[in-house]
Amino acid sequence: MPRVSLSLPLWGPREGDDQGGRADRFARQSGIEIIQDFPRDYAERKARVEDQNVTWDVMTAAA
């Protein structure tokens with residue numbers, strides 16, 4: 001079976017109930033590797049999108 005991974009721009013440590021902790025628990029339960037990218041702020045995320053330099057499969061943001 002091919003290895004499956006998701007790249008996510010997450011905030012927070014890999015433990016606890018923040019995004020990083022939830023992603024880590026999902027990875028353990030599903031067997032899907034989570035590759036975490038930690039952009040410093042929304043401005044960096046916006047710049048990556050505008051430059052078409054996005055490396056994430058999924059991204060969440062506040063409205």
Side-chain angles (χ1 to χ4, degrees):
M1 173 182 259
R3 185 165 181 107
V4 178
S5 66
L6 288 172
S7 176
L8 307 171
L10 300 174
W11 299 101
R14 294 187 68 101
E15 60 279 339
D17 196 36
D18 56 13
Q19 287 184 340
R22 288 190 302 267
D24 194 45
R25 285 191 299 280
F26 172 79
R28 284 194 310 269
Q29 292 173 359
S30 68
I32 295 173
E33 177 185 17
I34 301 296
I35 302 166
Q36 293 190 37
D37 182 14
F38 294 95
R40 292 178 292 273
D41 54 33
Y42 284 113
E44 182 177 344
R45 290 181 187 195
K46 181 180 177 187
R48 287 190 192 186
V49 170
E50 290 173 349
D51 292 342
Q52 297 181 356
N53 188 25
V54 175
T55 59
W56 319 298
D57 295 306
V58 178
M59 184 182 108
T60 60

Pairwise distance CG(Asn53) to CD(Glu44) - rounded to 0.5 angstrom: 9.5 Å

Side chain to side chain contact (heavy atoms under 4.5 Å, CB included) between Arg22 and Arg25, worked out: CA-CA 5 Å; Arg22 288 190 302 267; Arg25 285 191 299 280; 3.2 Å; yes

Any donor-acceptor pair under 3.5 Å from Ser7 side chain to Thr55 backbone: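 Answer holds: yes.
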
Full working for side chain to side chain contact (heavy atoms under 4.5 Å, CB included) between Leu6 and Ile32: CA-CA 7 Å; Leu6 288 172; Ile32 295 173; 4.2 Å; yes

